[in-house]
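Lettering follows sequence order; numbering is per chain, from 1. All figures in this text were calculated on a predicted structure; none of them were measured in a lab.
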Amino acid sequence: MISAEQTRPPAWIAEMKAIRDLRDQAAFASLFEYFAPRVKAYLIKSGSAPDMAEEVTQDVMATVWRKAEQFDPARASVSTWVYTIARNRRIDIVRRNRRPEPEDLPWGPEAEPAQDEELALQQDAERLSEALQALPEKQRVLVERAYFGELTHSQIAEETGLPLGTIKSRIRLALDRLRHEMREETG
Amino acid sequence: MTRQIAHHLPDAMLRGYCAGTLPEAFDLVVASHISLCDECRARMHAFDAVGGALLDQADEAELSEDSLAATFRLIEGIDVEKAKAEETPPPATSGVLPAPLRSYVGGDLDAVSWKRVGGGVSQAILPVEGDASVRLLRIPGGVEVPDHSHSGSEMTLVLAGAFSDAAGRFGPGDVEMADDDVTHTPIAEPGEDCICLAATEAPLRFSGLLPRLAQKVMRI
Ligand SMILES: [Zn+2]
């Protein structure tokens with residue numbers, strides 16, 4: 001059954017593309033209006049003073065503009081991507097070294113995944129969002145505290161009950177496919 | 001790089017990495033393992049997605065009045081080339097050390113400054129901040145690692161060679177978690193040197209402003 005929900009285009013992808021391809025300031029302004037207050041709240045919850053949080057938020061959003069061409073809808077939703085930028089900036093402020101990042105995957109831009117794979121991943125991310133919202137309040141708060149730096153890793157239970165399996169297997173599948181394509185190309 | 005990896009990152013470590021709550025030493029081991037392991041790379045993306053979903057549902061803090069204008073001014077002032085060099089993830093490399101580790105060492109294995117610690121074992125302590133330490137270990141094939149006590153949990157990633165202990169066999173790419181109450185005496189497999197990266201929770205020790213700040217902000 002296809003509901004209106006399922007055919008709705010994934011959130012913020014169009015704006016990201018307009019920023020990436022057209023340097024569209026209006027698209028950036030609407031992205032800013034949605035994400036900047038959330039990023040700031042995240043930073044404050046994670047222990048930043050409000051003034052500092054404002055400054056870092058502007059910096060994070062400027063990075064969103066600057067790195068727009070690196071955004072890959074086959075790997076992450078826009079929310080996830082913005083989250084990782086905000087998280088990294090939060091860490092880089094308190095450390096001399098940049099956060100250790102995994103090696104980039106060795107595939108070229110020619111091995112771009114198909115549109116329907118992008119869409120599937122974006123829908124998985126939205127389903128995860130819905131599942132998070134549907135968690136019992138107590139459990140949802142626990143997940144939030146783990147991510148917003150109020151709990152250490154040893155203080156939370158192993159299982160959050162979130163359907164991470166779907167999104168994980170989708171990404172795994174995309175990785176396998178890309179690797180396969182690459183092998184064929186390089187012979 | 002795809003290898004046969006039998007021992008992966010525990011959920012709690014991966015989530016800590018994605019939440020940004022681990023000390024730098026553990027971040028380095030996690031990033032190094034993900035560089036070698038597609039399975040955990042996919043899991044990382046899933047845990048990152050939880051962060052994204054939480055951001056969607058986060059409260060909205062009030063922005064300063066000229067926030068957007070100030071951000072556009074920032075954008076105008078960006079040195080694009082410099083920013084690109086700073087923010088591109090490290091490219092995949094051939095060699096023994098994965099890219100994130102290489103930037104701490106200043107090169108591949110031949111750039112490591114080893115110090116002998118006895119029993120033929122050498123180590124190189126890497127410079128990190130925060131409440132945990134991380135070092136490279138080189139254990140000659142067939143050698144037993146002398147009883148090493150650690151006062152917190154320890155996470156070890158094998159980079160070359162292999163070792164065995166009560167928990168099993170650990171080859172290249174494998175991760176072993178050991179709690180402080182576990183006494184383990186790993187033995188390197190006969191043959192090539194076993195090279196490991198090990199992060200250890202250190203006892204509380206504050207010597208400067210930065211670690212204190214990190215503790216305050218990151219609650220480690
Ligand atoms: Zn793994």
Visitor: Is there a side-chain contact between A/Glu54 and B/Leu63, using heavy atoms and a 4.5 Å cut-off?
Guide: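 Touching, per the 4.5 Å side-chain cut-off.
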Visitor: If I compare all heavy atoms of B/Phe72 with all of A/Phe28, which pair ends up nearest, and what's the gap?
Guide: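 Scanning both residues completely, I find the closest heavy atoms to be CZ-CD2, 3.6 Å.
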Visitor: With a 4.5 angstrom heavy-atom cut-off, is it the side chain or the backbone of B/Tyr17 that approaches chain A, or both, or neither?
Guide: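 It is both, since atoms from each part get that close.
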Visitor: Of all the heavy-atom pairs spanning A/Ser79 and B/Leu55, show the shortest one and how long it is.
Guide: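 Minimum heavy-atom separation between A/Ser79 and B/Leu55: O-CD2, 3.8 Å.
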Visitor: Please examine the side chains of A/Tyr34 and B/Asp56, heavy atoms only from C-beta on, and report whether any two atoms are closer than 4.5 Å.
Guide: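 A side-chain contact under 4.5 Å exists here.
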Visitor: Please flag which part of B/Val30 lies under 4.5 Å from any non-hydrogen atom of chain A: side chain, backbone, both or neither.
Guide: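 Contact with chain A: none, neither part.
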Visitor: Could you tell me whether the side chain of B/Glu129 and the main chain of A/Arg96 form a donor-acceptor pair under 3.5 Å?
Guide: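 Yes, the answer is positive, given that a donor and an acceptor are paired below the 3.5 Å cut-off.
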Visitor: For A/Ala36, is it the side chain, the backbone, both, or neither that has a heavy atom closer than 4.5 Å to a heavy atom of chain B?
Guide: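 For A/Ala36, backbone and side chain are both near chain B.
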Visitor: What's the shortest heavy-atom distance between A/Ala41 and B/Ala61, and which atoms?
Guide: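 Between these two residues, the closest heavy atoms are N-CB, 3.6 Å.
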Visitor: Considering all heavy atoms of both residues, which atom of A/Glu103 and which atom of B/Pro98 are nearest to each other, and what is their separation?
Guide: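 Distance-wise, the nearest heavy atoms are OE2-CA, 3.2 Å.
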Visitor: Which atoms of A/Arg38 come close to chain B, meaning under 4.5 Å heavy atom to heavy atom: side chain ones, backbone ones, both, or neither?
Guide: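 Interface part for A/Arg38: both.
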Visitor: From B/Ser64 OG over to A/Gln58 CD, what is the distance, rounded to the nearest 0.5 angstrom?
Guide: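 If we round to the nearest 0.5 Å, B/Ser64:OG and A/Gln58:CD are 5.5 Å apart.
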Visitor: With side chains defined as the heavy atoms from C-beta onward, is the minimum distance between B/Leu54 and A/Tyr83 less than 4.5 Å?
Guide: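 No, their side chains stay 4.5 Å or more apart.
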